[in-house]
*Asks:* 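The structure under discussion is supplied below as structure tokens; questions concerning it will follow.
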Amino acid sequence: MSVLAPARTPASTTAPRTAVRARSNAALVGGVAALAVLAAVSLFVGVADVSLGDVLSGRADYELIAVSRIPRTLALVLAGAALATSGLIMQLLTRNVFVEPSTAGTLDFATLGLLACALFWPDAPVLVKMVLGTTFALMGTAVFLRILKVVPLKDVLIVPLVGLMLGGVIGAFATFIAYRTDLIQSLNAWTTGDFSAVIAGRFELLWIAGALVVVAGIVADRFTVAGLGEAFTTNLGLDYRRTMTIGMTVVAVTSATVVITVGALPFLGLVVPNVVRAAIGDNARRSVPWVALLGAALVLLCDLVARLVIHPFELPIATVLGIVGAVAFLILLSRRRVRG
Amino acid sequence: MIIATHVSAAYGETIVVDDVSILVPKGGVTALVGPNGAGKSTLLAVMARLMGAKAGTVSVDGLDVTTTPSEVLAKRLAILKQDNHPGIRLTVRDLVGFGRYPHSKGRLTDADRVHVEQALDWLDLTGMGDRFLDELSGGQRQRAFVAMVLAQDTDYILLDEPLNNLDMAHAVSMMKRLRKAADELERTIVVVLHDLNAAAVYADHMVAMADGRVVAAGKTPTLMREGLLSDVFGLPIEVHEVAGRPQAVFYAR
């Protein structure tokens, strides 16, 4: 193999880049610290008063903390990080910045899978539910990708609209079935994200979603390459279809676990990756940690708002996220119009 | 050496490449020319295993492109299609870095970084390494993509209409760089060109295609002939010697 030009000293080019990397690592550490503070605040907010002083002086209700507060905070962090990362993966693989599990119908298909499980095997073990939810989510993604392939879409905005419509149709179908079979309550739990019922023993499935964030971080380069398109991917010796399958499986499993444990969280995967994209771009190796971090932070924050705004009652977090996400979505759209 | 033997390719029922056999010698610049729809881009895509052939085989230095593992081929041959829309927001340096993917699988070593910086340097992009692709002009972006396939460090580089959307100055500079890459870096460049005169000046070999078939192939001067070119393009073409090189003249009132 030939070398390009008379070799220059690598030090002159790599030294400043090392400094850049050191600085971005420092920023990431700072971000993690900020997230830890936010998580701590989340631990001490609730109907029952728990203060840091109580904990230190041994007067706190440790059972409450262990059974309710810590699981809730963990669930918020895991679900937020995982769903935001899923949004990023979908955006890279579909090469469309408006696609995420709630704008591609993925969450609705996962819900339909859980409904099918509730109908035909009501007391199925949670893993069976997860497998069914994942399978339906994958089928939904396949349908969505198929539509994108068959219908030539000139405008990037049409893609999420098609996804939302697809999700709407599936959602309506699920509602009809649930209405006929007295499962509306279960359906609401899946379609409306809510962390108020999270206690120890009912959120642990989310560790799977959390582990998938780590997986996404490890194979991040493949997703970035796939984001360049099929020709680029093949040129670089990577199997395009396999990469798509890996990515969409991660998204489907994440969607299913989140829907089972806490219910759908709309727009999260849309807002967070786009904020990160504007700041540092799409190189997933760099953006996955930030997307996961900010996803967790946004969910923690929205949950605090949901818990405090009508204290001592609380709103479902999906309501707060829906408002924040819809506003952010509109801002993204209008900015795009200005640029275009 | 790239050898295509009885290659046919089709989109659905429409045959675009029809029983083509060509030999691209190692070294130098080979230009594929011909009118729109002649099958040049499709042939290039088949040679680079981006598209499957309906019949026939392609081998690159003895490696059959359909049976050789893709990651092995990615170290031998690089292809850049036309009309590249990045789709995602990457910096120039990151994009060129992904050219090293076949070698490093994403974990860039110091040697990879040297390749990246040299490819940037080669295409005059050093000062633009940290800019995002969507902030560049069309010409700069095209150079960034070429830098990426150059950083891939393959013996063969296949380029589909790299002069598309470039003004004359950028087109000349691009052709000069490709020529230099062939001469100084010993790369074999196969390039689809719409500009006959660019091919006449910079290519060592030419392949003329029309209607999915190869009409003629050989050293550049042997193809720059009036009757042959007029037949291939379906247009009266005169060939004149300008500054010691054959140049085609076809704009007429």
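Convention: sequence-line order gives letters A, B, ...; per-chain numbering from 1.
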*Asks:* With a cut-off of 6.0 Å (strictly less than), are more than 12 heavy atoms of other residues, nucleotides or ligands near NZ of K54(B)?
*Replies:*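 Not buried by this count: 12 neighbours or fewer within 6.0 Å.
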*Asks:* Do the side chain of E71(B) and the main chain of L236(A) share a donor and acceptor less than 3.5 angstrom apart?
*Replies:*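 A pair under 3.5 Å: no.
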*Asks:* Return the option, out of M148(B), K81(B), R107(B), with the maximum number of heavy-atom pairs under 4.5 Å with chain A.
*Replies:* R107(B)
*Asks:* For L77(B), is it the side chain, the backbone, both or neither that has a heavy atom under 4.5 Å from a heavy atom of chain A?
*Replies:*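 Backbone only.
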*Asks:* Contact part of V149(B) toward chain A, heavy-atom cut-off under 4.5 Å: side chain, backbone, both or neither?
*Replies:* side chain
*Asks:* So, taking the atom named OG1 in T224(A) and the one named OH in Y101(B), what distance separates them when rounded to the nearest 0.5 Å?
*Replies:* 9.5 Å
*Asks:* Nearest heavy-atom pair of G106(B) and D221(A): which atoms, and what distance?
*Replies:*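 Shortest heavy-atom separation between G106(B) and D221(A) comes out as CA-OD2, 3.4 Å.
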*Asks:* Chain A: which of G97(B), P102(B), G99(B) shares the most heavy-atom pairs with it under 4.5 Å?
*Replies:* P102(B)
*Asks:* List the atom of D94(B), the atom of R286(A), and the distance in Å for their closest heavy-atom pair.
*Replies:* OD1-NH2, 2.8 Å
*Asks:* Side chain from CB out, backbone as N, CA, C, O: work out which of these in L80(B) comes under 4.5 Å of a heavy atom of chain A, or both, or neither.
*Replies:* side chain
*Asks:* Would you call L228(A) and L95(B) a side-chain contact if the rule is heavy atoms closer than 4.5 Å?
*Replies:*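 Result yes, sub-4.5 Å side-chain heavy-atom pair found.
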*Asks:* So which of R95(A), R222(A), E230(A), Q91(A) has the biggest tally of heavy-atom pairs under 4.5 Å with chain B?
*Replies:* R95(A)
*Asks:* What part of F132(B) gets within 4.5 angstrom of chain A, counting heavy atoms only: side chain, backbone, both, or neither?
*Replies:*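 When you check distances to chain A, only side chain atoms of F132(B) fall under 4.5 Å.
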*Asks:* Are any side-chain N or O atoms of R89(B) and backbone N or O atoms of D282(A), one a donor and one an acceptor, separated by less than 3.5 Å?
*Replies:*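 Absent.
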*Asks:* Under a 4.5 Å heavy-atom cut-off, does chain B meet the side chain of F232(A), its backbone, both or neither?
*Replies:*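 When you check distances to chain B, only side chain atoms of F232(A) fall under 4.5 Å.
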*Asks:* Check whether any side-chain heavy atom of N283(A) lies under 4.5 Å from a side-chain heavy atom of T91(B), and answer yes or no.
*Replies:*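 They are not in contact (no side-chain heavy atoms under 4.5 Å apart), so the answer is no.
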*Asks:* Where does A220(A) contact chain B at under 4.5 Å (heavy atoms): side chain, backbone, both or neither?
*Replies:*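 Contact with chain B: none, neither part.
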*Asks:* What part of T233(A) is in contact with chain B, defined as an atom under 4.5 angstrom from a non-hydrogen atom: side chain, backbone, both or neither?
*Replies:*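 Contact with chain B involves no heavy atom of T233(A) at all.
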*Asks:* Any idea which of S70(B), P69(B), A48(B) has the most non-hydrogen atom pairs under 4.5 angstrom with chain A?
*Replies:* S70(B)
*Asks:* Under a 4.5 Å heavy-atom cut-off, does chain A meet the side chain of I88(B), its backbone, both or neither?
*Replies:*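 Looking at I88(B), backbone and side chain both touch chain A.
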*Asks:* Supply the atom-to-atom distance R285(A) CZ to L108(B) CG, rounded to the nearest 0.5 angstrom.
*Replies:*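 If I round to the nearest 0.5 Å, the distance is 8.0 Å.
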